[in-house]
Protein chains: 2
Amino acid sequence: MGITIKDIAKLANVSPSTVSRVISNSPKISQETKEKVYKAMKELNYEPNVIARSLANNSTRILGLILPTSEDDLFENPFFMQAMKGISVYAQKKGYYIMYAFSENEEKELEFIKHYVRSKLVDGIILFTSRQNDKCISYLKNVGHPFVLIGRPEQPNDVLWVDNDNFRAMYNVVDFLVKKGYKDIAFIGGPENLYVTRDRFDGYRKALQTHAISEDDKVVKFAKHFSKQAGYEAMKEILAYKIPQAVVTTDDLLALGATHVLNELGIKGVAMVGFNNTYLAEYQVPSLTSVDINAHKLGEYAAKLLIEKLQKKDMPYTHYIVDTVLVERESTRL
Amino acid sequence: MGITIKDIAKLANVSPSTVSRVISNSPKISQETKEKVYKAMKELNYEPNVIARSLANNSTRILGLILPTSEDDLFENPFFMQAMKGISVYAQKKGYYIMYAFSENEEKELEFIKHYVRSKLVDGIILFTSRQNDKCISYLKNVGHPFVLIGRPEQPNDVLWVDNDNFRAMYNVVDFLVKKGYKDIAFIGGPENLYVTRDRFDGYRKALQTHAISEDDKVVKFAKHFSKQAGYEAMKEILAYKIPQAVVTTDDLLALGATHVLNELGIKGVAMVGFNNTYLAEYQVPSLTSVDINAHKLGEYAAKLLIEKLQKKDMPYTHYIVDTVLVERESTRL
DNA sequence: TTGAAAGCGCTAACAC
DNA sequence: GTGTTAGCGCTTTCAA
């Protein structure tokens, strides 16, 4: 049907293999031959068949993303879209394609990964893994298929991954607040068993220490979910004890819930900080100061690591730490 | 390297073509042969090479999504993610894969589409086209490559597309408000030149007519952007004239801006309705009644149409209208 | 530097 | 029903 390498070869008066060499920009092709071939390609409006190349090369240049379905809230978090865009933009630049799939649960996820790997559809896989995703990771490690994680893994030394420095991010938030004059700072975190929560909590404590502010367990709460409701309840518990000058949280939704309580009770002047800088933060009244985790960059670096790995099989396991940015809004300018 | 059809053939004591027929579930293969082959596949842990199949079949079973980069706000709208999920879920069920790419502008978009088509990478394309995207659409029409649009096209009769019934959706909103006792209802729409705005406006007018409520131009405003700021300004203009009993908008952000004015001025009891049911609506105080456009279904049907087209080349051009749902929250329970 | 030819893994006539 | 064989469009030895 379409134009093939043979048509080009005929028109340019060379052999198909020469055309192939021109396509892959082989160095041992004379300039004039190259130009002849390019001309023929232009003339016939030729573009190589990607699939045929993939088969011959045993490589598709396709990266597969595995997205968790999870609870809708999490899933509609702009984080995913931003990361997907970061991945896509970098990949496009390097001539890679992106495929994605949603998985309902870990079992399905594993199935899909297996399919991707065994059918040779994708050259590498990017996992959006917040939960401890042993099965998939260990499968991929086992079969030795290239992959990269977004989010710090349990064993950080034998996989490729990207993440924020969550310790530092929260440290900076607290430091920022203290320097603004707030001393009595409460903490509302997500589930305590998550790395991300623990790291941020540690950052909180360290910053207090640095500023010689004594910690107070009673203003520290860990919510069971990243929900507004959970933030609401945590804040209520804190208020039952005292009214802090400021509240740091590990998620915008938690911050929203906490703010809600304060509004209900008519308590003014308590500074509030969220995390993830979702657009909920921006469109709140008062708008919410929040930490931008730079999902776009996380995606970009994930793609970068993976593609480097694909091009250098023996690349050492490594990772990227993406900087966060504190976006100040009205909730800390009271 | 890997296991191929030949290995299976050998082990099962049949010819490669028989194995191939088993793979594609050909009806003219005896049950016992099938089982022999399946057994061999299991034993060797075999999975067909998707790329080789694609080459031989001249079909990849890959659908390509073209996503607009556009303004960040729009892009982070959960709409895209929901639609992408709808597409993915349906496609997976039918054994299709999804590839996506972001395009910076129409030019890049066209380039990408051309590449997809000419390199034979994708079997079909899904366009997220809100703007009038002539170049891409006419290219695809020209080359006769299967594609489907999310959003009503200029010429609705020679392409496949899916969309909401925007007229009806807004009609229902107004009808709902009137039945609750609101009569004096203002309208804040997006840019007037968009179909979606016009259709919704028509629905608004029709509903007023139906209930024998006279229209009042002075409570009708069209914003230049879908932004909070634009909603804010439109509402101010309306208030300069009078305080309506209710306000319908064509976007949650517009509704947020409008609500903001009311709060500032301490005006209570004005009902407010948004559109798109983003999670901004849910997490607002008071939470915002909004029309859910069911992006998931839009995606699902887009995939469905496209896949049907791929399987029946001569399928007539048609479209799906996806129902909207009015999600009532506090802003209409005042 | 270029060409001839085998092969990547699977499918689809065509034969039997 | 099943096997034989010639591709699908490109890459890559191996020779020249």
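Residue numbering restarts at 1 for every chain, and letters A, B, ... go by the order of the sequence lines.
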If you draw the axis of the six-membered ring of Y90(A), does the NZ or CZ of K297(A) fall within 45° of it and under 6.0 Å from the ring centre? no
State which of dC10(C), dA5(C), dG9(D) makes the closest approach to the side chain of Y46(B). dC10(C)
Counting just side-chain N and O atoms, does N57(B) come under 4.0 Å of either OP1 or OP2 of dA12(C)? yes
Taking the inter-plane angle between the rings of Y97(A) and H115(B) on a 0 to 90° scale, is it parallel (under 30°), tilted (30 to 60°) or perpendicular (over 60°)? parallel
Assign T4(A) to base, sugar-phosphate, or nothing according to its heavy-atom contacts below 4.0 angstrom with the strands shown. sugar-phosphate
Rounded to whole Å, the CD-C1' distance (Q31(B) to dT2(D)) equals 16 Å
Answer with base, sugar-phosphate or nothing: what part of the nucleic acid does L55(B) contact at a heavy-atom distance below 4.0 Å? base
Side chain of R21(A), base of dT13(D): donor and acceptor closer than 3.5 Å? yes
Would one find a side-chain N or O of S30(B) under 4.0 angstrom from OP1 or OP2 of dT2(D)? yes
Starting from P on dT11(C), measure out to CD1 on I51(B) and report it in whole angstrom. 13 Å
With heavy atoms under 4.0 Å as the rule, sort S20(A) into base, sugar-phosphate or nothing. base
S20(A) side chain to S17(A) side chain, donor-acceptor N/O pair below 3.5 angstrom: no
Step through the shown structure and confirm whether more than 12 heavy atoms of other residues, nucleotides or ligands are within 6.0 Å of NZ on K141(A). yes
Hey, is the side chain of T33(A) pairing donor to acceptor with the base of dT1(C) inside 3.5 Å? no
Looking only at dC10(D), dT11(D), dT2(C), the nucleotide nearest the P48(A) side chain is dC10(D)
Euclidean distance, atom CG of residue L121(A) to atom C1' of dG9(C) [Å, nearest integer]: 14 Å
Separation of dC8(D) C1' from R53(A) CZ (nearest whole Å): 16 Å
Side chain of I5(B) (C-beta onward), nearest among dC10(C), dT2(D), dT2(C): dC10(C)
Assuming nearest nucleotide by heavy-atom distance, tell me which of V19(B) and N13(A) is located more 5' along DNA chain C. N13(A)
Test side chain to side chain contact (heavy atoms under 4.5 Å, CB included) on V37(A) and I29(A); report intermediate values, then the result. CA-CA 11 Å; V37(A) 173; I29(A) 286 284; over 6 Å; no
Within 45° of the axis and under 6.0 Å from the centre of the six-membered ring of Y96(A), does NZ or CZ of R61(A) qualify? yes
When the nearest nucleotide of DNA chain D is assigned to T18(B) and to A52(B) on a heavy-atom basis, which residue is associated with the more 5' position? T18(B)
Rounded distance in Å - NZ (K34(A)) to P (dT1(C)): 10 Å
Among dA12(C), dG1(D), dT12(D), the one nearest S17(B) by side-chain distance: dA12(C)
Report the distance from atom NZ of K36(B) to atom C1' of dT2(D), rounded to the nearest whole Å. 10 Å
Nucleotide nearest A56(A) when distance is taken to its side chain, options dC10(C), dT11(C), dT11(D): dT11(D)
Nearest-nucleotide pick for K28(B), side chain only, options being dG3(C), dT4(D), dT2(D): dT2(D)
Taking only the side-chain heavy atoms of S15(A) (C-beta and beyond), determine which of dC10(D), dA4(C), dC10(C) contains the nearest atom. dA4(C)
Whole angstrom is fine here: how far is it from NZ in K10(A) over to C1' in dG3(C)? 15 Å
Taking CG from L44(B) and P from dG9(C), how many angstroms apart are they, rounded to a whole number? 15 Å
